[in-house]
Amino acid sequence: MSIRVRFAPSPTGYLHIGGARTAFYCHVLAKATGGKYILRIEDTDLERSTKEYEQAMIDDLKWLGITHDEGPDVGGEYAPYRQSERLDLYQSFVDQLLEKGQAFYDFCSEAELEQMSKDHIEKGTPAYTGKWREQEHWDEAKKRVAAGEKTSVRFKVDPTKSYSIEDGVRGHVEFPAGMVGDFVIMRSNGLPTYNFCNVIDDNAHKINHVLRAEEHLNNTVRQLMVYEALGFEVPKFSHLSIMIGSDRQKLSKRHGATSVNLYREMGFLPEALNNYLCLLGWSHPEEKSIFTKEDLYQVFDDTRFNKSPAMYDIEKLKWTNSQHLRELSEDELLAHAKEVLPSDGLFHSHNEEWQRACLSLLLDKIQVITEVEELLVHYFNNTEIQDNDASKEIMSWETTPQIATYLKEQISNVSDENVSAEQFNEWMDYCKKELKIKGKPLFMGFRFCLTGQDHGPDLKQLIPLLPKKSLLERVSKVSQ
RNA sequence: GCUCCCAUCGUCUAGCCCGGUCUAGGACAUCGCCUUUUCACGGCGGUAACAGGGGUUCGAAUCCCCUUGGGAGUACCA
């Protein structure tokens, strides 16, 4: 039987990188096994779910290339794929459980519920101790409902029964009896809760393998109860390790950029984000660290997940991005730069020939494409002279003022807006032959006078790309 | 509190299931060297880990138990 997996986000915010990782695993697992990957939108939290977020999530997934076989936007055999369009189905199962006595109407007040929850946490009493779980009150409950009173429905948990699963990554997991109390399956506003509709949809959508984050592991016991009560076949579960921040806590907004669209804006390549995220909790069988999702279609398997939490490290993401950047053809790189770099910036203000020269020069200096514009802004507009140990050393050489004085004069005499490569070569030759400067003092002297820094791209290629004006300003400062 | 989960270099991890080939391998970061008449890229090398304690065994990173530490859940959120 072929695999059917799903990614089931709630459209209550932008796609999170943790969600992107889960979706990526689902997509790749389906592709690698000839199965299907389904996208389902879990929008039963009316207050927080929006259509805008749903669309944003679909867009982000699309940008990442994590395509699904079935979903709200593409349809499929088991449509609909949006929970807000499946409410009748949930209602019918609620009715069924009510009928069988496996669920009950609950009329406890908010204050009562609050007290129960408090006692549960502080004293270890059962999570729900209301009287409505007892059959003797059910007739009264039905009357109140018939009279039009709105109320929630709870699943009646058997406190003597324990459950267990054979988790795809955790192995055997035991959930002891009494672990959870009677939980709400239908809110008083008529909308079902996650632990209930998730089960119904996974069954209806014929999902046979659930890949999700570890934070859902404890929920599994509630879902197991629903599976049992409804007579559904239980799928295989694989609970992926969570992603944590540098403080070892679950990754969240306070750790910085956590949504995919931010990485898109920051100029990361989607294949790099996928690649990096994939390695947070999974390892390549040949220990490769750079690959595309297409490479994974051949080798991905669900036995290589890591159980322990993985710390998110943007430095390694940047390195991964730099590796993918270098895999790009010249045309792809140009297209990427054009798309990402600001349209009113320095890069876009030049012609394509210049842009290509600029990219080939800067490629091995950068990890993310946006750094190109940053470097250009620096070379064009920043005429400040770097002040550190390296610059002090360069300034201490007696040859540096000689170079500066010479260059200042030469640049002043250039009539064009730019310095040509030929002119640059002549100046170097002059300093070498006439001023007898060579090696480090020569190159570093030129670099420092012209760029104000002790490091940077190849000078011969860089200088012709820069405006004469900013070169002159810098060299004037050095020659003072 | 209770329940569940986790534990190899600073970080991501391989190895663990099926004990010996592990004086624990790779990658990021870091340091050094080489290359580059400069800077970088690249190449080479170094520092750096089996949380602790008990077992089992001829032999344990690998199996068992305990301790410690960390995380998640404990909602009419998902």
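Because the structure is predicted, anything quoted here is derived from the model rather than measured. Lettering of chains follows the sequences in order, A, B, ..., and the numbering in each one begins at 1.
Taking atom P on both B:rU56 and B:rC12, the two are 35 Å apart, rounded to the nearest angstrom. Rounded to whole Å, the separation between the P atoms of B:rC44 and B:rA27 comes to 9 Å. Taking the C1' atom of each, B:rC22 and B:rC16 are spaced 12 Å apart, rounded to whole Å. Between B:rG10 and B:rU3, the distance separating the two C1' atoms is 32 Å to the nearest Å. Taking atom P on both B:rC66 and B:rA29, the two are 41 Å apart, rounded to the nearest angstrom. With both ends at atom C1', the span from B:rG53 to B:rU68 equals 10 Å, rounded to whole Å. Nucleotides B:rA14 and B:rC9 are separated by 13 Å at their C1' atoms, to the nearest Å. B:rU62 and B:rC18 have their P atoms separated by 14 Å, with the value rounded to a whole Å.
The side-chain tip of A:Arg144 does not point at the ring of A:Tyr105 from less than 6.0 angstrom away and within 45° of straight on.
Taking the six-membered ring wherever Trp is involved, the centroid distance between the rings of A:Phe291 and A:His284 falls below 6.0 Å. Side-chain rings of A:Phe196 and A:Phe183 stay apart, their centers remaining 6.0 Å or farther from each other. Taking the six-membered ring wherever Trp is involved, the centroid distance between the rings of A:Tyr276 and A:Tyr312 falls below 6.0 Å. When ring centroids are compared, A:Phe237 and A:His216 stay outside the 6.0 Å threshold. Here the two rings, on A:Phe104 and A:Trp132, have centers that are 6.0 Å apart or farther. Taking the six-membered ring for Trp and the full ring otherwise, the centers of A:Tyr163 and A:Tyr227 sit at least 6.0 Å from each other.
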A correct 5'-to-3' footprint of nucleotides 1-16 of chain B, with B, S and - meaning base, sugar-phosphate only and no protein heavy atom under 4.0 Å, is B-BSSSS---SBSSS-

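The distance from atom CD of A:Glu110 to atom C1' of B:rC76 is 9 Å, rounded to the nearest whole Å. Atom-to-atom, CG of A:Asp364 to P of B:rG43 comes out at 13 Å; the value is rounded to the nearest Å. The interatomic distance linking A:Phe291 (CZ) with B:rA27 (C1') rounds to 12 Å, in whole Å. Here B:rC76 presents its P atom at 12 Å from CG of A:Asn219, a figure rounded to the nearest Å. Atom-to-atom, CZ of A:Phe446 to C1' of B:rA40 comes out at 19 Å; the value is rounded to the nearest Å. B:rC17 atom C1' lies 15 Å from atom CG of A:Asp302, rounded to whole Å. Rounded to an integer number of Å, the gap from CG of A:Asn275 to P of B:rA27 is 15 Å. Remark: P of B:rU38 and CG of A:Leu459 are 11 Å apart, rounded to the nearest angstrom.
Taking 3.5 Å as the limit, the base of B:rA78 and the side chain of A:Asn198 contain no donor-acceptor pair of atoms between them. Between the side chain of A:Thr193 and the base of B:rC76 there is no donor-acceptor pair of N/O atoms closer than 3.5 Å.
Using a 4.0 Å heavy-atom distance criterion, A:Asp106 is classed as making no nucleic acid contact. Here A:Arg48 lies in heavy-atom contact (under 4.0 Å) with a base. Across all strands shown, A:His216 has heavy atoms under 4.0 Å from base atoms, whether or not it also approaches the sugar-phosphate. Residue contacts shown for A:Thr44 are limited to sugar-phosphate atoms, with no base heavy atom under 4.0 Å away. Residue-level contact check: A:Thr151 touches neither bases nor backbone, having no heavy atom under 4.0 Å from any strand. Note on A:Leu191: nothing from the nucleic acid sits closer than 4.0 angstrom, heavy atoms only.
Comparing atom distances between the A:Trp319 side chain and each of B:rA27, B:rC76, B:rA40 picks out B:rA27 as nearest. For A:Leu442, the listed nucleotide lying nearest its side chain is B:rU37; candidates were B:rU37, B:rA29, B:rA78. Side-chain proximity of A:Phe443 to B:rC39, B:rU37, B:rG42: nearest is B:rU37. The listed nucleotides are B:rU38, B:rC41, B:rC76; the one nearest the side chain of A:Met444 is B:rU38.
Electrostatic pairing of A:Lys365 and A:Glu371 does not count as a salt bridge here, judged by no charged N lying under 4.0 Å from a carboxylate O. The pair A:Asp313-A:Lys316 fails the salt-bridge criterion, with no side-chain N (NZ, NE, NH1 or NH2) lying under 4.0 Å from an Asp/Glu carboxylate O. A salt bridge links A:Lys236 to A:Asp302: at least one charged side-chain nitrogen sits closer than 4.0 Å to a carboxylate oxygen. Salt bridge annotation for A:Glu85-A:Arg82: present, with a cationic side-chain nitrogen under 4.0 angstrom from a carboxylate oxygen.
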side-chain hydrogen bond (donor to acceptor under 3.5 Å, both in side chains) between A:Ser259 and A:Asn261, worked out | CA-CA 6 Å; A:Ser259 53; A:Asn261 60 352; 3.0 Å; yes

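Base pairing annotation: B:rU68 forms a Watson-Crick or G-U wobble pair with B:rA7, both donor-acceptor distances under 3.5 Å. Pairing for B:rG73 goes to B:rC2, judged as Watson-Crick or G-U wobble with the two contacts each under 3.5 Å. Across all strands shown, B:rA61 forms no Watson-Crick or G-U wobble pair with both key distances under 3.5 Å. Partner assigned to B:rU36 is none, using Watson-Crick or G-U wobble distances below 3.5 angstrom. In a base pair of the Watson-Crick type (N1 to N3 plus N6-O4 or O6-N4) or a G-U wobble (N1-O2 and O6-N3), with each distance short of 3.5 Å, B:rU30 is matched with B:rG46. Base pairing analysis places B:rU21 opposite nothing; no Watson-Crick or G-U wobble pair with both distances below 3.5 Å involves it.
Of the side-chain N and O atoms in A:Arg154, one or more sit less than 4.0 angstrom from OP1 or OP2 of B:rC76. OP1 and OP2 of B:rA29 both lie 4.0 Å or more from every side-chain N or O belonging to A:Lys318. In terms of phosphate contacts, A:Ser117 brings a side-chain nitrogen or oxygen within less than 4.0 Å of OP1 or OP2 of B:rA75.
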Give me, pair by pair, the N or O atoms of the protein and of nucleotides 46-48 of chain B that are less than 3.5 Å apart, along with how far apart they are.
none

Please produce a list of atom pairs where a protein N or O lies less than 3.5 Å from an N or O of nucleotides 65-69 of chain B.
none

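Between A:Asp458 and A:Ile242, the residue anchored closer to the 5' end of RNA chain B is A:Asp458, taking for each the nucleotide with the nearest heavy atom. Where A:Lys460 and A:Asn195 meet RNA chain B, the nucleotide closest to each residue was compared, and A:Lys460 sits on the side nearer the 5' end.
A side-chain donor from one of A:Thr292 and A:Asp295 sits under 3.5 Å from a side-chain acceptor of the other.
Below 30°, between 30° and 60°, or above 60°: for A:Phe268 and A:Tyr263 the angle between ring planes is between 30° and 60°, a tilted geometry.
Taking each heavy atom of A:His209 and A:Val5 in turn, the nearest pair found is O-CG1, 3.4 Å.
A:Arg212 places no side-chain N or O within 3.5 Å of a backbone atom of A:Arg6 that could act as its donor or acceptor partner.
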